[in-house]
Amino acid sequence: MQDFEPNVVVFCCRWCSYAAADLAGTSRMTANPQFVVIRTMCSGRIDPEFILDAFAKGADGVLVTGCHPGDCHYVNGNYKTRRRMLLLEEVLEQFGIDRKRLRCEWISASEGGKFVKTIDEFIGTIKKLGPIDGIK
Amino acid sequence: MGKPKFAFYWCASCGGCEEAVIDLNEKILDLTAAVDIVFWPVALDFKYADVRSMGKGEIDVSFINGAIRSSEQREMAELLSKKSKTVIAFGSCAHLGGIPGLANFWRRKDIFERVYESVPTVKNPEHILPKMESKVDGYKLNLPEFYDTVSALDQVIPVDYYLPGCPPAPELITDAIDAILKNKLPKKGSVLAPDKALCDTCPLADSKPDKLSIKEIKRPHEIKLDPEKCFLAQGVICLGPVTRSGCGECCINANMPCRGCMGPTKAAIDQGAKGISFIASILGVEDEENTSDEDVRDLIKQIVDPAGTFYRFSLPYSLLKRKR
Amino acid sequence: MKVLYYPGCTLKTSAKNFEDSAVASLKVLGVDLVELERWNCCGTVYSLASDDLMHKVAPIRNLIRVKEQSNGDDRVVTLCSMCYNTLKQANEFFKEDEESRDKINNFMDREIDYNGDVEVLHLLTLLKEEIGFDNIGKKVKNKLSNLKVASYYGCLLLRPQNSAIDNAENPTILEDLFTSLGIDTVDFPYKNECCGSYNTVNAVDLVVERTYKIINSARSFGANIIATSCPLCQFNLDRRQKDVKDKYYDFEEMPVVYFTQIMGRAFNVKRKSLGFDLNYIDPVPLLQENF
Amino acid sequence: MAELVDKISELSGQNLDACYQCGKCSGGCPSVAQMDMLPNQVIRLLQIGLPELALQCNTIWICASCYMCTVRCPRGIDLSKIMEALRQVNLRENLDYMKIKEIKEEDIFILPQIALVANFRKQTA
Amino acid sequence: MKQRIGVFVCHCGINIASTVQIERVVEAIKEYPGVVHAEDYEYMCSDPGQGMIRARIKEKNLTGVVVAACSPTLHELTFRNVTALSGLNPYRCEMANIREHCSWIHKDVDKATKKAIKIIKTIVEKVKLNEELTPLSVPITKRALVIGGGIAGIQSALDIANAGYQVILVEKSSSIGGHMAQLSETFPTLDCSQCILTPKMVEVAQHKNIKLYNYAEIDDVSGYVGNFKVKIRLKASYVDWSKCVGCGLCIEKCPTKVASEFEQGLAPRKAIYVPFPQAVPNKPVIDREHCRYFKTGKCRVCEKVCDLDAIKFDEEDDFVEEEVGAIVVATGYEVYGVQNIGEYGAGRYKDVVDGLQFERLLSASGPTNGEIRRPSDGQIPRRVAFVSCVGSRDPELHKPYCSKVCCMYLAKHAMLYKHRVPDGQPIIFYIDIRSDGKGYEEFVQRAQEEDHVTYIRGKVSKIYEDNGELVLLSADTLAGMPIELRCDLVVLGMAICPSSGVDELTKKLKIQTDANGFLTEAHPKLRPVESLTPGIFIAGCAHAPKDIPDTVAQASAASSKVLEMFGQKELSHDPMVAWVDEDLCSGCGVCISLCPYDARELEIKEGKRIATVKEILCEGCGSCIAGCPAGACQQRNLDDKQVIRMVETVLSRG
């Protein structure tokens with residue numbers, strides 16, 4: 001398990017968490033590299049299909065990030081995300097996928113530190129959980 | 001050229017699809033007149049050996065219903081695949097895995113344990129479970145392997161067309177047979193049903209409010225359903241928006257919401273995921289800014305068995321296919 | 001109500017009057033302090049060096065005793081501010097530092113594993129949050145109208161942040177208690193400043209200066225008695241007044257008591273339980289002679 | 001001496017460079033009058049790499065961990081821990097600050113246990 | 001179409017190249033399906049870099065471009081323009097962020113290199129499916145809204161109005177002027193604040209292009225750049241301003257006195273009041289919370305004395321709607337409360353005042369007519385301590401930032417105090433003196449040399465009252481000595497915070513704030529007066545603490561941005577909007593309930609319900625797309641297929 005390098009997909013809203021990730025870079029913070037960011041206009045664009053697809057293709061974890069409640073650039077996109085992700089969590093559990101493998105976090109453009117902390121924490125959690133099983 | 005040769009076979013399913021063929025009523029006579037049925041175990045006395053003795057591609061069209069759950073079904077599916085020019089996955093189970101596919105929420109050992117040991121009416125002190133090989137009075141007996149995972153037909157053999165529905169509606173079947181006879185089948189891989197979702201043809205579509213919003217989720221038995229009103233507007237989960245039309249709206253006409261047997265629409269990949277997304281989208285959380293995750297979760301918890309609800313017919317066909 | 005109680009060394013000896021007055025006053029409020037069996041030294045001062053896990057064993061062991069004896073009500077009440085602070089800080093450390101927690105748990109291999117889930121309470125918090133100052137007011141038998149109490153908090157009830165029972169700069173919990181007992185209080189700026197603590201052993205002069213300043217400040221704001229909750233503060237502010245007087249000829253003495261002694265007197269608890277003989281400057285004249 | 005500073009930083013768990021020398025710790029320290037060096041100056045010595053001077057002052061022993069500076073520090077530095085770290089560096093060299101013989105005879109019988117134990121814990125190896 | 005993608009990898013000097021092995025990246029990407037060209041350069045955004053991209057697009061007949069460099073937030077537009085110059089549709093160009101998201105945030109060279117390769121492949125996959133798009137054009141309403149009537153709002157409104165466009169100015173209190181109207185004299189010139197401000201206030205009131213809504217608040221904002229709809233709440237003043245001539249009789253006769261906000265609580269005002277004598281407009285309002293009639297049902301004295309029948313007790317809040325094309329937010333600041341500072345008495349001591357209160361004590365029109373008298377007993381303080389950085393530069397307990405103006409105004413306060421009380425002793429406690437404006441350092445030197453203000457370097461640790469005096473416990477960190485100072489009055493240089501209520505306003509405007517509640521600019525250096533939301537600009541202390549010259553400069557900058565917009569015929573709108581495959585849409589209507597902009601509508605087409613997209617209203621958030629149960633709705637250049645291909649690429653091993 002020492003060598004397990006998780007494969008993590010991070011969805012970022014371009015207004016907040018993507019900018020937070022930029023800020024983390026600009027501030028030369030250091031984060032675990034086992035993730036790649038996919039940029040969407042809003043966390044509300046994130047279809048549960050994308051997440052299930054990621055898990056089906058071997059993602060060990062998926063991190064969905066958006067603006068803080070009340071701060072959505074598109075009024076209320078993040079609330080829709082929250083509802084979708086909370087329901088998806090229940091379904092994942094039924095599929096035997098630990099709900100900790102999907103995390104939803106609100107990170108504003110000013111929270112570079114939180115972005116890094118969230119990434120490191122999440123990848124740490126995933127490392128503890130171990131690799132997700134391949135599809136048989 | 002002689003009459004085209006048809007075969008029908010029944011894998012893991014309830015048998016309703018076979019009934020659906022019979023349900024063609026008098027049209028079945030036209031069918032038998034137009035084609036030669038060379039294999040149909042449920043209705044006519046053929047043996048596996050008859051199929052084995054056929055040449056490659058000798059059957060024109062095989063209609064296979066049911067999911068693949070055992071080695072015997074797999075063997076027969078593979079055999080028919082070899083002997084047929086065209087294979088049609090017939091009905092939800094062959095198309096998506098169907099109701100038998102829900103077994104993928106468990107493991108084989110859990111299923112055996114449940115069925116042969118822990119059901120209250122079962123007494124099995126010696127823990128006898130089905131085995132592929134056993135000896136009785138010195139004779140060796142073989143049973144097919146019961147797979148750990150149920151598959152949709154196209155996960156086992158190549159499938160040319162899909163006739164969806166639980167069971168497929170008679171109109172879809174006759175249209176398909178017409179197309180075969182007239183050589184007007186669409187491009188391979190097609191689902192032989194309309195591309196739009198059920199709302200397109202739903203008789204209750206006019207009663208749908210401008211903006212859908214569900215404040216409390218109800219199950220059909222918990223309220224008196226108004227037969228004139230969109231079920232979603234009544235707070236009852238209806239999978240019409242995520243389900244292909246063409247079924248004839250029988251459930252809606254019987255005052256029951258759509259449960260999704262026709263499978264996802266053309267552009268959707270995973271019916272369950274789409275179900276999750278759209279139900280969550282229209283959950284009416286009031287004053288959402290001041291609502292905690294817990295409160296939202298409470299509302300969501302009103303959905304009993306969400307995975308079962310959204311993947312009722314399509315679990316083996318879904319992205320995740322089964323429980324880990 | 002029964003609640004587990006951790007006394008600590010000094011409450012069995014030179015601050016016996018603190019324990020006795022607390023037990024007797026709480027009885028009036030229907031609270032039974034059940035002494036923890038097999039308690040050991042709390043460690044007295046919380047060890048602040050990051051690699052010093054050894055000195056966290058003592059406080060944690062006491063909390064393990066609480067787990068063993070608590071029957072599910074995992075909390076313990078302390079009277080002594082220093083014990084409170086040491087137990088509380090050790091407990092907070094245990095909650096946060098998972099790695100050190102595992103180390104200490106492994107080290108104490110004969111003990112059950114502990115994860116910081118005991119609640120460490122100071123008696124004042126219990127009085128405020130569970131008994132309620134209103135209810136305490138209802139039990140008053142003696143109106144102690146002579147008193148002008150200056151509440152002296154010292155350090156360890158208020159700092160550091162993770163173990164504070166009240167606002168670090170402007171605490172009021174003691175004043176609120178006395179107000180509910182119908183006693184006049186005075187506010188003074190030195191109420192949250194250190195008395196010199198254990199420097200009293202080898203730097204008496206420092207403590208003398210602190211005591212001089214603290215008592216004079218309390219007096220200048222109109223106090224005639226000081227109440228505290230720490231046996232070390234009590235010693236420094238009370239007993240060291242003798243040394244202050246040796247240095248400053250014009251210094252006027254002022255009695256320094258435990259808040260439980262005043263509460264007990266207000267409830268008309270038997271004089272014997274209040275142990276005024278252990279106080280260096282006699283508070284009895286102020287507390288109305290005839291009892 | 002960088003190693004010693006690192007050690008103090010590690011023992012205290014504090015980032016010494018976070019201090020911007022505002023002096024709020026010194027202004028509020030109840031015992032500052034008895035100290036031969038202001039608490040902020042002790043940190044300054046560590047910042048400029050003169051830890052041996054910091055180890056010699058009496059400030060670190062006078063500090064009784066009352067945490068007044070800790071709760072007021074605008075930069076969130078826990079000075080009590082830095083003082084403890086400096087004491088520990090000395091004590092781990094077996095340098096006792098407290099000499100038991102120096103306790104006044106009259107005090108031996110009246111000092112509460114809590115004072116003695118606390119003092120020994122902080123000032124003896 | 002066979003894709004011919006070109007990938008251009010930037011070194012960004014050593015910013016990328018020191019952590020990501022560029023050569024390895026180029027080698028790996030060259031081989032990737034669909035990529036026909038990969039090349040690196042030190043500075044891709046430089047002229048030669050751009051030229052290289054332009055040349056290769058033509059030479060290699062590229063159908064798509066991926067620039068692997070910094071964040072698209074920074075240079076997406078740059079490279080899309082480059083692409084367009086070569087005749088390739090700009091939306092066929094994407095950036096792969098291998099700087100902020102890779103080289104800067106990771107240290108392990110091998111891992112960062114592998115990750116950079118993966119990021120680029122992911123974007124290549126996206127570009128493969130990108131459509132050619134053309135921006136949509138949107139008409140502009142050439143009127144501006146300015147929120148806040150302090151000096152920033154006043155300046156901004158005047159600039160835009162003088163350029164010939166209409167301005168709606170909304171101010172929440174009954175007079176414009178803001179905090180600047182409260183100030184006595186201003187550093188470093190010591191000119192009278194009101195003398196320079198009041199003419200501008202009058203100009204606003206009289207300007208034919210400015211419509212002033214005082215005593216009003218923004219209730220709702222909808223629409224988008226060029227076409228905002230703003231609902232403004234006109235708070236009930238209970239005075240009919242069209243009848244009132246401002247004679248002031250009602251104020252004189254009103255029996256109720258409450259603490260005046262304008263005087264920072266140092267003097268009373270009446271329940272019917274104008275905030276200060278030079279108020280613009282100079283019309284009174286009734287403070288409902290304190291008015292005796294509203295509280296007890298009896299009084300109505302003001303009504304009785306008003307010959308013009310201007311008092312209207314039954315008035316209710318009114319609403320107006322305005323259409324504007326641009327918005328300037330200039331909501332200003334407020335002072336962090338002394339009650340937050342426990343160690344300084346948490347507001348219990350009357351003679352511990354904040355900087356604005358001291359301004360009023362200095363002001364010739366203030367409660368003491370400019371004589372320095374302390375609030376508790378009216379005595380002239382003989383020794384005054386000024387404390388800087390109170391609540392500022394204190395990340396642990398209060399505000400982490402420097403409030404910027406305190407160093408200067410405390411120097412000014414000390415100086416003016418010394419001028420009024422020549423034998424008084426002003427002492428400033430400071431940590432660092434920040435005097436980096438024109439003439440500022442000279443000003444501080446004057447305070448020290450000519451007015452003999454004592455500067456003590458040390459932060460005050462505690463303040464308490466003792467026997468009518470204030471005792472400050474501090475240290476002189478330069479002398480290395482503890483200090484216990486007794487004085488008569490303490491002036492705290494409190495931190496500056498965003499105005500309360502800004503939080504709600506930013507939600508209505510959909511603009512961002514930073515961790516401290518100040519408005520976030522689009523780019524800290526290159527777009528300092530724009531918010532991230534197109535068409536909304538920021539000015540003054542709402543953005544960050546700043547002094548008057550900086551505020552005025554920023555206000556004018558915001559105006560010029562507005563004018564830049566108004567100079568165009570129409571605006572272009574991002575074409576990455578939602579669209580519907582009508583062959584797949586069943587008209588279920590889920591999207592309608594999801595759109596926050598009412599851009600989705602159900603239409604009947606050939607007897608069928610079809611959900612459509614009003615492209616101009618669509619902001620491209622995509623929540624209708626994720627919610628579309630049939631997959632019939634997609635986003636231009638970010639459709640489901642693209643995301644799924646990207647996810648797949650992220651997850652591919654090796």
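Chain naming here is simple, since letters A, B, ... match the order of the sequence lines and numbering starts at 1 in each. Everything numeric here is computed off the predicted structure, so don't read it as measured data.
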| message | What part of E:Leu594 gets within 4.5 angstrom of chain A, counting heavy atoms only: side chain, backbone, both, or neither? | response | both
| Residue E:Asp640 versus chain A: region with a heavy atom under 4.5 Å | both
| message | Test your reading of the model: is there a side-chain donor-acceptor pair from E:His106 to the backbone of E:Asp108, 3.5 Å cut-off? | response | no
| Which atoms of E:Thr533 approach chain A - backbone, side chain, both or neither, heavy atom under 4.5 Å | both
| task | Flag the one option from E:Ile625, E:Thr122, E:Leu74 with the top tally of heavy-atom pairs under 4.5 Å to chain A. | result | E:Ile625
| query | When heavy-atom pairs shorter than 4.5 Å are enumerated against chain E, which of A:Pro33, A:Pro48, A:Ser110, A:Gly58 gives the highest number? | reply | A:Pro33
| query | Which word best sums up how the rings of A:His73 and A:Trp15 line up, parallel for under 30°, tilted for 30 to 60°, or perpendicular for over 60°? | reply | parallel
| remark: Counting heavy-atom pairs under 4.5 angstrom with chain E, the leader among A:Ala24, A:Gly112, A:Cys42 is A:Cys42
| query | Can you say whether A:Ser43 sits under 4.5 Å from chain E via the side chain, the backbone, both, or neither, judging by heavy atoms? | reply | neither
| request: Pick one of side chain, backbone, both or neither for A:Gln34, based on which atoms fall under 4.5 Å of a heavy atom in chain E. | output: side chain
| field | Interatomic spacing from CE in E:Met95 to CZ in A:Arg39 - rounded to 0.5 Å | value | 9.5 Å
| What option among A:Ala59, A:Gly77, A:Cys72, A:Ser27 has the most heavy-atom pairs under 4.5 Å with chain E? | A:Ala59
| remark: Greatest number of non-hydrogen atom pairs under 4.5 angstrom with chain E, of A:Cys67, A:Ala54, A:Ser108, falls to A:Ala54
| Does any N or O in the side chain of E:Arg99 come within less than 3.5 Å of the main-chain N or O of E:Asn15, such that one atom is a donor and the other an acceptor? | no
| message | Out of E:Glu648, E:Gln512, E:Met646, return the one with the most heavy atom pairs under 4.5 angstrom to chain A. | response | E:Glu648
| said: Is A:Phe11 in contact with chain E via its backbone, its side chain, both, or neither, using a 4.5 Å heavy-atom distance? | reply: side chain
| field | Under 3.5 Å donor-acceptor, A:Glu93 side chain and A:Arg99 backbone | value | yes
| Which pair of heavy atoms, one from A:Gly44 and one from E:Ala626, lies closest together, and at what distance? | O-CB, 3.2 Å
| query | Taking A:Asp120 for the side chain and A:Asn32 for the main chain, is one N or O donor matched with an acceptor at less than 3.5 Å? | reply | yes
| said: Do the side chains of A:Lys117 and A:Glu111 get close enough for a salt bridge, i.e. N-O under 4.0 angstrom? | reply: no
| task | Return the option, out of A:Val9, A:Val62, A:Asp47, A:Ile119, with the maximum number of heavy-atom pairs under 4.5 Å with chain E. | result | A:Asp47
| query | For the side chain of A:Arg45 and the backbone of E:Leu638, is there at least one donor-acceptor N/O pair under 3.5 Å apart? | reply | yes
| At a heavy-atom separation under 4.5 Å, does A:Ala109 approach chain E through its side chain, its backbone, both, or neither? | neither
